Peer 1: 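There's a structure below that I have some questions on.
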Amino acid sequence: QIASTNPANDEGWTFVNDLAVMGNRIYAATNGGLRYSDNGGESWSFVENIDHVEASAIKVNGEKAIAVVGTNVYVKNGDSFVITNETLPTADVNKIVAIAPSDANYMYVCYLTATYGTGTIYYTSDGGENWSEALPASSTYDIFGSRGIIDNAIAVYPNDPQRLLIGGQNLWKLENVSGSGYYYPMCISSSGHPLSTLPEDGTRFSYCHLGVQNIVFNPNNVGEFYVGTEGGVFKGEYYEGAYSFKNTNRYFE
């Protein structure tokens, strides 16, 4: 349980937007700023040198972290969080972040547009020192549509820091297939008819409910992952060169 007030000061918070654990420290991205607790949530302190404005995301891997606080993106390499606005735009839009499990130097920031559509997606391979465009903003690849404020998720493959899944209206794979730094996008799910099957296979389905809100990989099998959607949880599988999905909600086979 997270206290609604911080004993260290008079400022409280109402919402927790994201949580992350780094060793014995808990980070909370709240509408009252980015905070941390070193005693299991008994008391909370502000992260130093960061404005006390709403924090929307925090992701960690080992001693490295990436966070969105207000309009800014911060990266922690070592003892403190450092703003990355020298190499990333400071656009006042929602941003979604991820950090690779297999190489924490790879981090990703997805910018939404002012209307919660698909903006430019950036990546760093050196822990935030330099950033490049993984996928420039384009109406050709409409990942988030106009619902990115609700339907958004990003997860980097556990065994490949240059391959990730991004969920918006549907589920997409982005991968640096050529090593050029351009991440090739591919939509891997269909939100059409629930019985839409893959070619020449009547038992595997391309359907995954509209509105992706979370993605979690099976740590023991990178070919399996689970997708939280507006229509419940779906199990995703990669098998023989194709992605397929199965509804795992209660009362469904």
Side-chain angles (χ1 to χ4, degrees), residues 17-23 25-29 33-36 45-113 118-138 141 143 148 152-166 172-185 215 217:
N17 297 314
D18 205 359
L19 287 170
V21 178
M22 180 181 286
R25 174 167 291 185
I26 305 171
Y27 284 103
L34 183 61
R35 307 180 185 230
Y36 70 91
S45 301
F46 284 113
V47 174
E48 294 182 0
N49 303 320
I50 296 182
D51 292 336
H52 301 171
V53 297
E54 180 164 15
S56 59
I58 172 73
K59 298 291 184 290
V60 306
N61 180 4
E63 293 300 315
K64 297 187 178 182
I66 182 170
V68 180
V69 185
T71 62
N72 299 320
V73 178
Y74 292 82
V75 169
K76 181 180 184 294
N77 278 322
D79 295 331
S80 60
F81 281 85
V82 177
I83 198 168
T84 61
N85 286 7
E86 291 79 3
T87 49
L88 278 176
T90 57
D92 186 13
V93 296
N94 283 68
K95 305 170 188 69
I96 307 158
V97 297
I99 185 168
S102 61
D103 186 345
N105 287 310
Y106 277 85
M107 305 178 188
Y108 296 86
V109 182
C110 301
Y111 279 65
L112 302 182
T113 66
T118 309
T120 299
I121 300 172
Y122 297 87
Y123 79 98
T124 178
S125 60
D126 56 14
E129 291 293 325
N130 300 281
W131 293 84
S132 302
E133 293 185 357
L135 184 67
S138 170
Y141 305 110
I143 297 174
N152 63 74
I154 178 171
V156 184
Y157 266 74
N159 64 336
D160 189 345
Q162 299 183 79
R163 183 168 43 154
L164 57 155
L165 298 180
I166 297 181
W172 292 67
K173 181 186 74 169
L174 266 66
E175 184 174 9
N176 185 13
V177 292
S178 64
S180 65
Y182 175 79
Y183 280 63
Y184 180 76
I215 306 165
F217 280 95

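This structure is a prediction, so every number in the text was calculated from the model and none was measured. Residues: numbered from 1 along the sequence shown.
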Peer 1: Could you work out, with side chain to side chain contact (heavy atoms under 4.5 Å, CB included) as the rule, every residue matching Thr124, not counting sequence neighbours?
Peer 2: Met107, Asp126, Trp131
Peer 1: Might you work through the side-chain contact (heavy atoms from CB on, under 4.5 Å) test for Tyr74 and Ile50, ending with a clear yes or no?
Peer 2: CA-CA 9 Å; Tyr74 292 82; Ile50 296 182; 3.8 Å; yes
Peer 1: Find the distance between OG (Ser132) and CD1 (Ile121) and round it off to the nearest 0.5 Å.
Peer 2: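 Those atoms lie 14.0 Å apart.
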Peer 1: Any side-chain heavy atom of Phe217 within less than 4.5 Å of one from Leu165?
Peer 2: yes
Peer 1: Which pairs count as salt bridge (Lys or Arg N to Asp or Glu O under 4.0 Å) when at least one residue sits in residues 89-107, sequence neighbours excluded?
Peer 2: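 Qualifying pairs: none.
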Peer 1: Tell me the closest heavy-atom pair linking Tyr27 and Val60, and the distance in Å.
Peer 2: CD1-CG1, 4.5 Å
Peer 1: Compare every heavy atom of Asn61 with every heavy atom of Ala100, then report the nearest pair and how far apart it is.
Peer 2: O-ND2, 2.6 Å
Peer 1: With a 4.5 Å cut-off on side-chain heavy atoms, are Pro185 and Leu135 touching?
Peer 2: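 Yes, their side chains come closer than 4.5 Å.
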Peer 1: Going by the rule side chain to side chain donor-acceptor pair (under 3.5 Å), which residues pair with Thr120 if we only count those two or more places apart in sequence or in a different chain?
Peer 2: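 In terms of side chain to side chain donor-acceptor pair (under 3.5 Å), with neighbours along the sequence ignored, Thr120 is linked to no residue.
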Peer 1: Which residues pass the side chain to side chain contact (heavy atoms under 4.5 Å, CB included) test with Val82, sequence neighbours left out?
Peer 2: Ser80
Peer 1: Sequence neighbours excluded, which residues qualify as side chain to side chain donor-acceptor pair (under 3.5 Å) partners of Tyr123?
Peer 2: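 Residues passing side chain to side chain donor-acceptor pair (under 3.5 Å) with Tyr123: none at all.
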Peer 1: Do you know the tightest heavy-atom contact between Val53 and Val69?
Peer 2: O-CG1, 3.7 Å
Peer 1: Exactly one of Tyr111, Tyr183, Tyr106 should register a ring-ring contact (aromatic ring centres under 6.0 Å, His included) with Tyr122. Which one does?
Peer 2: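 The ring-ring contact (aromatic ring centres under 6.0 Å, His included) with Tyr122 is passed solely by Tyr111 among Tyr111, Tyr183, Tyr106.
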Peer 1: Taking only residues two or more places apart in sequence, or in another chain, which ones meet Asp160 in a salt bridge (Lys or Arg N to Asp or Glu O under 4.0 Å)?
Peer 2: Arg163
Peer 1: Taking only residues two or more places apart in sequence, or in another chain, which ones meet Thr113 in a side chain to side chain donor-acceptor pair (under 3.5 Å)?
Peer 2: Thr115
Peer 1: Carefully, step by step, assess Ile215 and Ile154 under the rule side-chain contact (heavy atoms from CB on, under 4.5 Å).
Peer 2: CA-CA 7 Å; Ile215 306 165; Ile154 178 171; 5.9 Å; no
Peer 1: Are side-chain heavy atoms of Asn49 and Phe81 found at a separation under 4.5 Å?
Peer 2: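 Side-chain contact under 4.5 Å: no.
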Peer 1: Just do the side-chain contact (heavy atoms from CB on, under 4.5 Å) check on Ile96 and Val68 with the steps written out, would you?
Peer 2: CA-CA 8 Å; Ile96 307 158; Val68 180; over 6 Å; no
Peer 1: Output all residues satisfying ring pair (Phe, Tyr, Trp, His ring centres under 6.0 Å) with Tyr141, sequence neighbours left out; order by chain, then residue number.
Peer 2: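 Here no residue qualifies.
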Peer 1: Lys64: what forms a salt bridge (Lys or Arg N to Asp or Glu O under 4.0 Å) with it, not counting sequence neighbours?
Peer 2: none
Peer 1: Determine whether Glu63 and Met22 make a side-chain contact, defined as any pair of heavy atoms from C-beta on separated by less than 4.5 Å.
Peer 2: yes
Peer 1: Could you work out, with side chain to side chain donor-acceptor pair (under 3.5 Å) as the rule, every residue matching Lys76, not counting sequence neighbours?
Peer 2: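 Lys76 satisfies side chain to side chain donor-acceptor pair (under 3.5 Å) with no residue once adjacent residues are dropped.
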Peer 1: For the atom pair CG (Asn130) and OG1 (Thr84), what is the distance rounded to the nearest 0.5 Å?
Peer 2: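 Here the rounded value is 11.0 Å.
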Peer 1: So which atom in Ile166 and which in Cys110 form the shortest heavy-atom distance, rounded to 0.1 Å?
Peer 2: CD1-SG, 3.8 Å
Peer 1: Got Pro136 and Tyr182 here, is their nearest side-chain heavy-atom distance under 4.5 Å?
Peer 2: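 Yes - at least one pair of side-chain heavy atoms lies under 4.5 Å apart.
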Peer 1: List the atom of Gly33, the atom of Phe46, and the distance in Å for their closest heavy-atom pair.
Peer 2: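 Reported closest heavy-atom pair: CA-CE2, 4.3 Å.
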Peer 1: Apply side chain to side chain contact (heavy atoms under 4.5 Å, CB included) to Ala29 and list each qualifying residue two or more places apart in sequence or on a separate chain.
Peer 2: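 Scan of Ala29 (side chain to side chain contact (heavy atoms under 4.5 Å, CB included), adjacent residues dropped) gives Asp18, Leu34, Ala55, Ile58.
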Peer 1: Please determine whether side-chain contact (heavy atoms from CB on, under 4.5 Å) holds for the pair Thr118 and Leu112, giving the CA-CA distance in whole Å, both sets of side-chain angles, and the decisive distance to 0.1 Å.
Peer 2: CA-CA 5 Å; Thr118 309; Leu112 302 182; over 6 Å; no
Peer 1: Which heavy atom of Gly127 sits nearest to which heavy atom of Val75, and what is that distance?
Peer 2: O-CG1, 3.2 Å
Peer 1: Going by the rule side chain to side chain contact (heavy atoms under 4.5 Å, CB included), which residues pair with Asn17 if we only count those two or more places apart in sequence or in a different chain?
Peer 2: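 Once residues adjacent in sequence are excluded, the partners of Asn17 under the side chain to side chain contact (heavy atoms under 4.5 Å, CB included) criterion are Phe15, Glu54.
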